[in-house]
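Values in this document were obtained by computation on a predicted structure and should not be read as measured data.
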Amino acid sequence: MCSSDLTKILLLNVNREGWHSGNMIYDMMVIQRACDTKCYGPGWPGYRYTDLREIIKQLYGNDKPDIIYSYFTPGERVRDVYGKQYHIPENLMNFPTYLDKIDGVIKIFALSDFWARSPAKFTQDLTNSTFQYCFSCFTPPYSNPKHFYSFFDDNIRKNIKFFALPRCIDKEYFKDYGLAKKYDVVSVGAMWHFYPLRSYMNQYLLQHSKELGINYRGFGHCGTDFSHSDFVREKYAMAINESKMLISCGGRYHLAFNKIFESMACNTLYVGEKPYGEEELHLKDGYNYVAVTQNNFVDKIMYYLKHPEETKTITSNALETFEKYHHIDARANDFANLLKEIT
């Protein structure tokens, strides 16, 4: 954690409470636990300015934060789903503004899904933004450098220094509930071409699990935005906990998505592809998860179903790894250490 003299951070983002995915909520909780954090933006109490000069006066008076940590680029259009949810007036739908007028404050752009904008859009949004740093959960080594940096032109890479801050999860939700293992294998989440291996494994098991003698259930996706089902947080974690194994993948870019950590925390064997950053994330095939491909996943599932003692050893190692490295408090320590590098 930060020292008693806490770094003051102004965190700019929409209020994600009630959103279908907890990923960004957990990321923001990292900042809140590590530092003296004030959250501001659509959906947060007191949201009435987009001008950062006015926001800082509103929150800090004659003082100012040490760091502006923004999930939005200057003047970015707030998505309509948030505008409708929070009844945001039109004059507050481009947020934040006048970042370039703020001096004497470290400016960090917080980036999650780098593939969600085109390279041209990043050039438009980040050129002259005055961000000095970008903290992303998928900065290499947690992605292929060729993939990641292809989204940012030379000028952006010259003026903004990229740091990696991997994802994490909340162990208040993700834990061993002690539930009976009623399934052999489960999958959770969306099934489309962005997740090729997960989709393939799901489709194969739907067709062949009975003949293989595997009790398989694909839970699918909870829905999106604020209109999701109740299959989130505890219910989602309990479904993982009720299975011996969870199958998933790292998507098109072979990333370490939170399903790895969710499975580890829930005492369920994670079966999926090797992610980028495996070593840095303290992951090891056969030690705390099982790496598979499209060609061998059935054989490995069958092997570990027949060798429950080995499964138990791996899930025990996985839980220990999770407790050391991949929950919110652990990542808050990582964040505090990153701040030491830039302040």
| Test side-chain contact (heavy atoms from CB on, under 4.5 Å) applied to Leu111 and Phe122, step by step | CA-CA 11 Å; Leu111 174 63; Phe122 273 120; 3.9 Å; yes
| message | Looking at Tyr98, I'd like to know if the NZ or CZ of Arg53 sits under 6.0 Å from its six-membered ring centre while staying within 45 degrees of the ring's axis. | response | yes
| task | Report yes or no: is the cationic atom of Lys259 (NZ for Lys, CZ for Arg) under 6.0 Å from the centre of the six-membered ring of Tyr270, at an angle within 45° of the ring normal? | result | no
| request: Please assess Asn288 against Asn317 for the test side chain to side chain donor-acceptor pair (under 3.5 Å), listing each intermediate value before the final yes or no. | output: CA-CA 5 Å; Asn288 50 23; Asn317 292 337; over 6 Å; no
Would the distance check show the side chain of [X] and the main-chain N or O of [Y] forming a donor-acceptor pair, the cut-off being under 3.5 Å?
X      : Y      : result
Asn215 : Lys182 : yes
Ser143 : Thr139 : no
Asp66  : Leu10  : no
Ser129 : Leu126 : yes
Gln58  : Gly46  : yes
Asp153 : Asn155 : yes
Tyr40  : Tyr49  : yes
Asn241 : Tyr177 : yes
Thr315 : Lys312 : yes
Ser150 : His147 : yes

What's the spacing between [X] [atom1] and [Y] [atom2] if we round to 0.5 Å?
X      : Y      : atom1 : atom2 : result
Ile169 : Ile328 : CD1   : CD1   : 8.5 Å
Arg198 : Ser248 : CZ    : OG    : 4.0 Å
Leu179 : Lys181 : CG    : NZ    : 8.0 Å
Cys266 : Tyr173 : SG    : OH    : 13.5 Å
Thr268 : Glu262 : OG1   : CD    : 11.0 Å
Phe152 : Asn159 : CZ    : CG    : 13.5 Å

Which heavy-atom pair separates [X] from [Y] by the least distance, and what is that distance?
X      : Y      : answer
Pro74  : Phe131 : CD-CE1, 3.8 Å
Pro275 : Ile260 : CG-CD1, 4.0 Å
Lys107 : Gln132 : N-OE1, 2.6 Å
Ser187 : Gly218 : OG-CA, 3.4 Å
Leu338 : Ala164 : CD1-O, 3.5 Å
Pro145 : Pro140 : CA-CG, 3.7 Å

Could you verify whether a donor N or O on one side chain and an acceptor N or O on the other, from [X] and [Y], lie under 3.5 Å apart?
X      : Y      : value
Arg217 : Tyr183 : yes
Thr97  : Thr50  : yes
Asn337 : Asn333 : no

For the residue pair [X] and [Y], is the inter-centroid distance of their aromatic rings smaller than 6.0 Å?
X      : Y      : value
Phe261 : Phe257 : no
Tyr276 : Tyr142 : no
Tyr69  : Phe335 : yes

| query | Is it true that Glu323 and Lys171 have a side-chain N and a carboxylate O under 4.0 angstrom from each other? | reply | yes
| request: Decide, yes or no, whether a salt bridge links Lys244 with Asp184 under the criterion of side-chain N to carboxylate O below 4.0 Å. | output: yes
Over 12 foreign heavy atoms within 6.0 Å of [atom1], [X]:
X      : atom1 : answer
Lys121 : NZ    : yes
Glu279 : CD    : no
Gln207 : CD    : yes
Tyr133 : OH    : yes

| said: Name the residue from Phe148, Phe138, Phe194 that meets the side-chain contact (heavy atoms from CB on, under 4.5 Å) definition with Tyr253. | reply: Phe194
| message | Against Thr37, only a single residue in Gln32, Met29, Met28 fulfils side-chain contact (heavy atoms from CB on, under 4.5 Å); can you say which? | response | Gln32
| query | Where do Asp100 and Asn128 land on the side chain to side chain donor-acceptor pair (under 3.5 Å) test, with the steps shown first? | reply | CA-CA 8 Å; Asp100 60 327; Asn128 301 320; over 6 Å; no
Please tell me whether [X] and [Y] are part of a single hydrophobic cluster in this structure, the criterion being side-chain heavy atoms less than 4.5 Å apart.
X      : Y      : result
Ile342 : Phe109 : yes
Tyr60  : Tyr47  : yes
Met191 : Val232 : no
Tyr289 : Tyr325 : no
Trp44  : Val30  : no

| message | Is there a side-chain contact between Asp80 and Met93 in this structure, where contact means two heavy atoms from C-beta onward sitting under 4.5 Å apart? | response | yes
| request: Report the C-alpha distance between Thr73 and Glu76 in whole Å, list the side-chain angles of each, state the deciding distance to 0.1 Å, and finish with yes or no for side chain to side chain donor-acceptor pair (under 3.5 Å). | output: CA-CA 5 Å; Thr73 53; Glu76 184 173 339; 3.1 Å; yes
| Should the pair Phe72 and Phe95 be assigned to parallel (<30°), tilted (30 to 60°) or perpendicular (>60°) ring geometry? | perpendicular
| task | Kindly indicate, with the supporting measurements, whether the criterion ring pair (Phe, Tyr, Trp, His ring centres under 6.0 Å) is fulfilled by Tyr149 and Phe162. | result | CA-CA 10 Å; Tyr149 288 119; Phe162 288 81; 5.7 Å; yes
| said: By the salt bridge (Lys or Arg N to Asp or Glu O under 4.0 Å) test, which pairs, at least two apart or in different chains, include something from residues 154-170? | reply: Asp27-Arg167
| request: Could you please spell out the steps behind the side-chain contact (heavy atoms from CB on, under 4.5 Å) verdict for Thr321 and Met264? | output: CA-CA 8 Å; Thr321 301; Met264 297 169 83; 3.6 Å; yes
| query | In the hydrophobic clustering that connects Ile, Leu, Val, Met, Phe, Trp and Tyr at side-chain heavy-atom distances below 4.5 Å, which members other than Ile247 occupy its cluster, ordered by chain and number? | reply | Val185, Leu197, Tyr200, Met201, Tyr204, Leu205, Leu206, Leu212, Ile214, Tyr216, Met245, Leu269, Val271, Val290, Val292, Phe297, Val298, Ile301, Met302, Tyr303, Tyr304, Leu305, Ile314
Determine all donor-acceptor pairs shorter than 3.5 Å in which one atom belongs to a side chain in residues 81-88; sequence neighbours excluded.
| unit_1 | atom_1 | unit_2 | atom_2 | d |
| --- | --- | --- | --- | --- |
| Tyr82 | OH | Arg16 | NH1 | 2.7 |
| Tyr86 | OH | Asn15 | O | 2.6 |

